[in-house]
Amino acid sequence: MEATAAPSIDYFRRIWTLRWFWYSLVENDLQARYRHSFLGIGWSLARPLGLTLIFCLVFPTVFHVRIDTYAPYVLVSLTLWQFFVENVTLGCRSFHSGAAYIRQQAVPLAIFPLRTTLGAAFHTGVALLLGLSVTWFFQGFNNLAALPWILPSMALLFVLGWSVATVCGLAQTHFPDTCYILELALQFLFYLSGIMFRPQDLTNNPMVAWVMNCNPLWSVLELIRQPVLHGQPPPWHNVAISLAFVATMATLACISLRKLERKLVFWI
Amino acid sequence: MAFIQFEHVDLEYPLRGPRITLKEYVVQGLFRRGKRAARPIIHALRDMSFEIGDDERVGIIGRNGAGKSTLLRTVGGIYPVARGRRTVQGSVCALFDIALGFEPEATGRQNVYYRSYLQGETPDTIEAKLPDIAEFCELGDFLDLPLRCYSHGMIMRLAFAIATSSAPEILLIDEVFGTGDLAFRKKAQERIKVFMKRAKIVIMVGHHLEFLQEFCQRVLWLDKGSLRADGPAKDVIAEYIGTVENAPRPVQAA
């Protein structure tokens, strides 16, 4: 009964066998998050909507863009960004929050970052529906033909989230300052991922625009922004960069998990 | 067929080094001479070899810190072995710290599901067991209240009822008899006897030597992480008691 190492087929089979366990943890997390809150799960919609309203009051004037294109852009971008942020910050605590279970039973540890990613994916899914509605409100139903592109793009984003949560969680167990450093890095990355503005809006700062185009996270976000906001499939160079980025992160997660998983119980 | 085999197993428990500040880290990094100091480790199990087969009831005894619970967790696959070979065949159920891993905001009934899912159960199999669990833990309407409303004794009752509702091939028990009040403790002991009869292999850690002698044919005596004796329960326990009683006592301060 030796534990199988990630990422073997048997390892994923064991994750699937425990599907009821991690599914119930996600369900409990979602219930606990908004317990006793007046809006409840409505905060999934209220938070990105509120931030979008604030941005729309300021930035259309600064960047000289129309509100009917800027509002859907910011809302969809914030939704996807929030997914990434939750995987980084909550991912850092994913193994610590599952410590009681890890000390009880030999389970594949990848289920704990998976719990984080599934919780974040739920909120992102709800908020993305709002993003679609806002886009339809301002721009009509021109994007319907391109919407099937969202599914593979979301799958890729999910793999990225799971990988990021795993790597961050493992790093946090060995280096407890990881979370603070990453929170700082996220502030920087926020401005380089085109959440508030697009590279073409930065006509007076081509250097920043160029750096944004080189940011692989920008390409991943474009996989969903292009079909939702412009009704067209994502450009192939964005697809290629995204695939390479996600593959790199997934490989890093698998290698780190394979190397560190068995001894992780000593560090939590 | 259930089977456990340990061949020259060593287990090393790494510890975090002393916490240093960023300034110390940078200074040490810049001016370090020679090799970095080795990370401190505890050699928790040393050269452990034994086999346990079907229908064996094995007790583990030893002083505090002898490695009893560590051995049990190593059998359960929770701790990785540093050297040697561990072979465990059969489904394992571990009753370690049974009150660990409960969700305080979820109801008792929801926690029954969570804990059972962790043991690989499905909604259908839990549904069938739920009446038995509810009846045994005697929590009544409390079962539908959040766990944060429970007393420690009530949580222990629930934990014990859930843990003993499965039918594993290998059962690992670590001192779980302090559960609830006196009446419930007696009930728990009866239930654990039935539970132990269902399992093919039972390994239990305890300081309750009479109970171990009654239910185990064989006892492993651990001393400072090593196997000091392995034999019939009566003989090993008698030898252990003799050693403890003859051990020199620390000098009392005047």
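The sequence lines fix the lettering, A, B, ..., with proteins before strands; numbering per chain opens at 1.
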Spacing of A/Gln105 atom CD and B/Ile78 atom CD1 [to the nearest 0.5 Å]:
7.0 Å
Is it true that atom NZ of B/Lys200 has more than 12 heavy atoms of other residues, nucleotides or ligands lying nearer than 6.0 Å?
yes
Region of A/Ile102 that comes under 4.5 Å of a non-hydrogen atom in chain B:
backbone
Taking the ring centre of each residue, are B/Tyr13 and A/Phe266 less than 6.0 Å apart?
yes
Within 6.0 Å of CZ in B/Phe142, more than 12 heavy atoms from elsewhere:
no
Chain A contact via B/Tyr114 - which portion, at a heavy-atom distance below 4.5 Å:
both
Quick one: what part of A/Trp22 sits under 4.5 Å from any heavy atom of chain B, side chain, backbone, both or neither?
neither
Trace of the side-chain contact (heavy atoms from CB on, under 4.5 Å) decision for A/Gln104 with B/Arg115
CA-CA 10 Å; A/Gln104 285 279 319; B/Arg115 291 299 294 259; 3.5 Å; yes
OH (B/Tyr117) and CZ (A/Phe21) are apart, to the nearest 0.5 Å, by 11.5 Å
Assess whether atom CZ of B/Phe3 is packed by more than 12 heavy atoms of other residues, nucleotides or ligands within 6.0 Å.
yes
Which heavy atom of B/Gly76 sits nearest a heavy atom of A/Ala106, and at what distance?
O-CB, 3.7 Å
Select one option (side chain, backbone, both, neither) describing which atoms of B/Gln119 are under 4.5 Å from chain A's heavy atoms.
both
CZ/B/Phe102 to OH/A/Tyr101 distance, rounded to the nearest 0.5 angstrom?
8.5 Å
Take A/Leu25 and B/Glu103, measure what side-chain contact (heavy atoms from CB on, under 4.5 Å) needs, and give me the verdict at the end.
CA-CA 9 Å; A/Leu25 287 182; B/Glu103 299 291 337; 3.8 Å; yes
Against chain B, label A/Ser24 side chain, backbone, both or neither, depending on which of its atoms sit under 4.5 Å from a heavy atom there.
both
Got B/Ser116 and A/Trp20 here, is their nearest side-chain heavy-atom distance under 4.5 Å?
no
B/Asn111 side, atom CG; A/Asn28 side, atom CG - distance, nearest 0.5 Å:
7.5 Å
